Every structure is written in structure tokens, then in C-alpha cells.
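Beneath this line is the structure, given in C-alpha cells, with notes to follow.
Numbered from 1 within each chain, the chains take letters A, B, ... in sequence-line order. None of these values were measured; they are calculated from a predicted model.
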Protein chains: 2
Amino acid sequence: MRPKNLEKEEAIRTIALQIIAEEGLENLTMQKLAKAANISPRTIYIKYDNKEDLLVTLYIEEVLGAYEQAVLKDFRFDMNFAEGVKKLWLNGFAYFKNNRHAFALMQYGKSSPLLNKAYQAKNIKQGDYFGAVIRFLEYHAAAGTIRNFHQDIQRALLFSPLIDLMSEYFDYQERPEQIITEETLLQCCDVVIKGMLK
Amino acid sequence: MRPKNLEKEEAIRTIALQIIAEEGLENLTMQKLAKAANISPRTIYIKYDNKEDLLVTLYIEEVLGAYEQAVLKDFRFDMNFAEGVKKLWLNGFAYFKNNRHAFALMQYGKSSPLLNKAYQAKNIKQGDYFGAVIRFLEYHAAAGTIRNFHQDIQRALLFSPLIDLMSEYFDYQERPEQIITEETLLQCCDVVIKGMLK
DNA sequence: CAATAATAAGTAAATATTTATTTACTTACA
DNA sequence: TGTAAGTAAATAAATATTTACTTATTATTG
């Protein structure tokens with residue numbers, strides 16, 4: 001049996017992400033992807049059932065998998081609140097800085113019903129990844145360090161500014177000067193922490 | 001000369017927004033829109049140059065126009081910081097609660113390059129709308145009420161949690177109980193304000 | 001003041017492309 | 001040498017946009 005060419009599998013994923021990030025999800029076509037990856041359209045269908053499967057798989061692996069794993073690096077639920085939040089923010093910043101394409105795909109996940117479905121399907125298992133963050137928040141709410149909001153509300157307060165600042169970071173990458181540095185990011189992180197502490 | 005049928009113009013806009021919100025931007029086709037609005041595809045082209053023009057116009061009017069106007073209702077740049085922020089948040093909450101479709105389109109603006117372009121094109125004039133918010137932030141930074149971050153950073157800290165909470169609001173509308181009420185929203189607003197105050 | 005001409009609004013159906021996916025074949029390796 | 005991996009080209013459906021025609025109104029004319 002002829003073995004799979006792993007380079008081609010990799011090319012499909014990398015180039016799909018690239019097209020999505022640079023031209024938008026709406027401009028990713030199977031034929032364009034095949035041409036850019038120097039393969040036949042058929043080859044994509046050997047590895048994925050169809051376009052939806054490709055996109056959902058990409059989303060789950062790059063956004064719900066790799067990102068969440070990167071964010072939780074060296075993080076423990078029983079960390080000091082300020083330390084923990086800073087760790088999460090810096091991990092996220094580092095990951096996205098090097099994975100601009102994954103960031104673009106994540107943004108699509110917030111609007112596209114297709115990817116949204118994938119998110120909800122994965123949400124059950126996601127407790128395993130983000131479990132540490134959930135426990136972290138519960139732990140500090142119980143200890144009285146922070147207010148006892150619903151978990152989804154805590155997440156919004158804690159991470160939405162980071163995502164928005166990340167957007168700004170990429171916007172400013174195409175301008176003369178960058179306003180989002182690790183320093184300003186940590187200052188923003190302090191603002192968020194200060195707001196949440198009781 | 002036969003006059004324009006304003007109901008048809010209205011139908012195009014309303015139904016386009018509806019399809020985008022319910023099925024996604026990627027599933028809006030000119031033919032589907034025409035059929036749903038009970039008109040000929042040609043009629044859309046009388047009112048808009050092409051699909052891009054339709055989407056960009058929709059985005060500018062519904063997201064960059066109506067929304068920003070609603071947010072700034074009864075807002076003045078020299079308001080007390082906490083009062084001003086609460087006003088902006090409550091205005092935004094009230095608007096989106098009644099304009100779910102506009103919210104969906106706004107979310108697409110963050111990912112789709114097409115709408116992103118529209119945003120940048122409008123950004124120059126946007127100073128006129130959001131000018132009051134910019135002046136508000138400058139005013140309070142100068143007065144020492146808040147830290148002196150870059151305007152885009154202030155905006156991220158101030159509004160991204162609201163947008164995220166709004167997303168949660170719509171998510172929870174399809175579940176048994178709603179976690180985002182005006183009360184919890186104001187509590188979150190207090191968290192943000194507390195974080196930003198020096 | 002009625003009849004009507006001028007004209008943009010509107011329609012139904014067609015067109016030329018583009019698209020996801022498949023068919024029929026070839027290739028490389030265990 | 002059997003077999004899944006891979007290719008080039010085909011296909012059928014969908015899509016944005018156009019063509020060729022019809023309709024409803026207004027402003028003018030007789």
C-alpha cells in the first residue's frame with residue numbers, strides 16, 4: 001500500500017488557514033486550496049469527508065485544541081489570582097503572536113454558524129481543557145478573592161479584552177508603530193485583575 | 001416615472017440581515033434573498049451595485065450608523081466616568097437586545113475582510129460618531145481619573161466585555177434561563193469601571 | 001381635464017462562471 | 001502484486017449578474 005504523504009496533509013492544513021486568514025473564510029474554495037497546495041482536489045477528499053469536515057476539523061484542532069493547550073501551559077488552578085491571570089494572558093499572547101492564522105479562524109468561530117456548531121459540539125469535552133480555568137475561578141470565588149459571577153460571565157470579563165487587544169496587535173502590525181507590547185498587555189491585565197478582585 | 005417601492009427596499013435590508021443572522025453570511029445568496037423578499041434578483045441590483053455594495057452598505061448603516069447613534073444617546077463627554085460608562089453600556093445593551101441581526105452582522109465585521117474594509121473606509125468619519133467617547137476618555141485621562149492608555153486600548157478594555165456578554169445573552173436566549181440581565185450587566189460594568197479608575 | 005408619452009422600477013428567464021464533489025485512471029510502496 | 005494514495009479532467013448544481021421585456025406612475029399635451 002502506498003503510504004500517506006504527511007507533507008501534503010500538513011500543506012492542506014497550513015494553506016487552508018493561510019487563505020482563511022488572508023482572504024477570508026468565504027474565499028476559501030477546494031479548488032483554490034488544492035492549487036495552492038500543489039495537489040489534486042481529490043486528495044483533500046481522501047483526508048476529509050467534505051469541506052465542512054475540513055473546516056470543523058481545522059477549527060477543533062487549531063482553535064479548540066492547540067490554543068487552549070498553549071494557554072494552560074504551566075498554569076495551575078490553585079495559583080494566586082493575579083499570577084494565574086497573568087500567566088493565562090501571556091500564554092495566549094505568545095500563542096497567537098505565532099499563530100496569526102489560528103487567531104483569524106477563531107474570530108470566524110464567533111460568527112459563522114458552521115464553526116459555532118463545532119464549538120458547541122466540542123464544548124462538552126472542552127471542560128477537560130478549560131477545566132483548570134473553571135476550577136481556578138471557582139476556587140477564588142469560594143475563597144472570596146473575586147465576586148461569584150456565572151462562569152461564562154467571568155470568562156467574558158477575563159478574556160474578551162485579551163482577544164480584542166490581540167486583534168489590535170495584528171491591526172497595528174501593518175502600521176508604522178505597534179501599540180500592543182508585552183508591557184502594555186500586562187498593564188491591561190492589571191486593569192482587568194484590579195476590577196475583578198473584591 | 002414609476003416611483004420606488006420603499007417596502008421592497010426595506011424588505012431587502014431586513015431579510016438580508018435575517019438570513020445573515022440565522023444562516024450566516026456565507027449562506028446569503030442574491031437569489032435566496034430575492035426569493036425570501038418576494039422580488040426579482042434584478043430589483044436588488046437597482047438599489048445596490050452588487051453583492052459587496054449591499055453588504056458594505058448594510059454594515060455601514062446598521063452597525064457603524066444606527067448602533068453608534070444608539071450608544072451615544074444622552075451621552076456627553078464631560079460626564080462623570082462611572083456614569084458615562086454605565087450610560088454607554090446600557091445604551092448598547094438596549095440597542096442590541098432589539099437588534100439581534102445587527103449584532104450578528106457586527107460580529108462578521110471582525111472576521112470578514114470584506115466588511116473589515118468597510119470599517120476602515122468609514123473609520124475616518126467615525127470620529128464624528130465615536131468622537132464623544134474619544135473625548136470622554138481623553139478628558140478623564142487628562143483629569144487623572146483613569147490611566148492614559150492609547151485610545152484603541154481603552155476601547156478594548158471598556159467595550160469588549162460588553163460585546164462578549166451580549167453574545168452570551170443571545171446564546172442564553174435559547175436556553176432555559178438567562179444569565180445576562182440588566183442587573184448582572186451593571187455589576188460587570190462596575191467591575192470594568194473599578195479596573196480602569198486610577 | 002382626460003389621454004398619453006416618457007421613463008425608471010420591476011419581472012422572469014437566461015448566461016457565463018464558479019463551486020463542491022466524482023469518475024476513471026495512474027503511481028508508489030509494503 | 002495488491003492496494004490505498006494520488007492525479008487530471010469531468011460533472012452537476014449553484015451563483016452573481018445581465019438581457020429583454022412589462023408595469024406603474026408622473027408630467028405634459030391636446
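- Between B/Glu7 atom CD and C/dA9 atom P the separation is 17 Å, expressed in whole Å.
- Spacing between atom OH of B/Tyr45 and atom C1' of D/dA20 amounts to 17 Å, rounded to whole angstrom units.
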- Note on the structure: Letter by letter from the 5' end, nucleotides 3-8 of chain D scores (B base, S sugar-phosphate only, - none; protein heavy atoms under 4.0 Å) BBBBBB

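- Distance NZ (B/Lys51) to P (D/dT18): 15 Å, rounded to an integer number of Å.
- For residues 166-198 of chain A, the set of pairs meeting the ring-ring contact (aromatic ring centres under 6.0 Å, His included) definition, not counting sequence neighbours, comprises A/Phe93-A/Tyr169, A/Phe103-A/Phe170, A/Tyr172-B/His150.
- Within 6.0 Å of NZ in B/Lys47 there are more than 12 heavy atoms belonging to other residues, nucleotides or ligands.
- Under the 4.5 Å side-chain heavy-atom criterion for grouping Ile, Leu, Val, Met, Phe, Trp and Tyr, A/Leu186 is connected to A/Ile180 within one hydrophobic cluster.
- B/Phe96 and B/Tyr67 have their aromatic ring centers within a separation under 6.0 angstrom.
- Residue pairs meeting the salt bridge (charged side-chain N to carboxylate O under 4.0 Å, His left out) criterion with at least one partner in residues 144-161 of chain A, sequence neighbours excluded, are A/Asp152-A/Arg155, A/Arg155-B/Glu168.
- Separating the CD1 atom in B/Ile60 from the CG atom in B/Leu105 is a distance of 11.0 Å, to the nearest 0.5 Å.
- For the segment residues 14-34 of chain A, the set of residues with a heavy atom within less than 4.0 Å of an atom of DNA chain C comprises A/Leu28, A/Thr29, A/Met30, A/Gln31, in numerical order.
- In terms of the side-chain hydrogen bond (donor to acceptor under 3.5 Å, both in side chains) criterion, B/Thr43 has no residue partners (sequence neighbours excluded).
- Looking at residues two or more places apart in sequence or on another chain, you find a side-chain hydrogen bond (donor to acceptor under 3.5 Å, both in side chains) between A/Tyr108 and A/Glu26.
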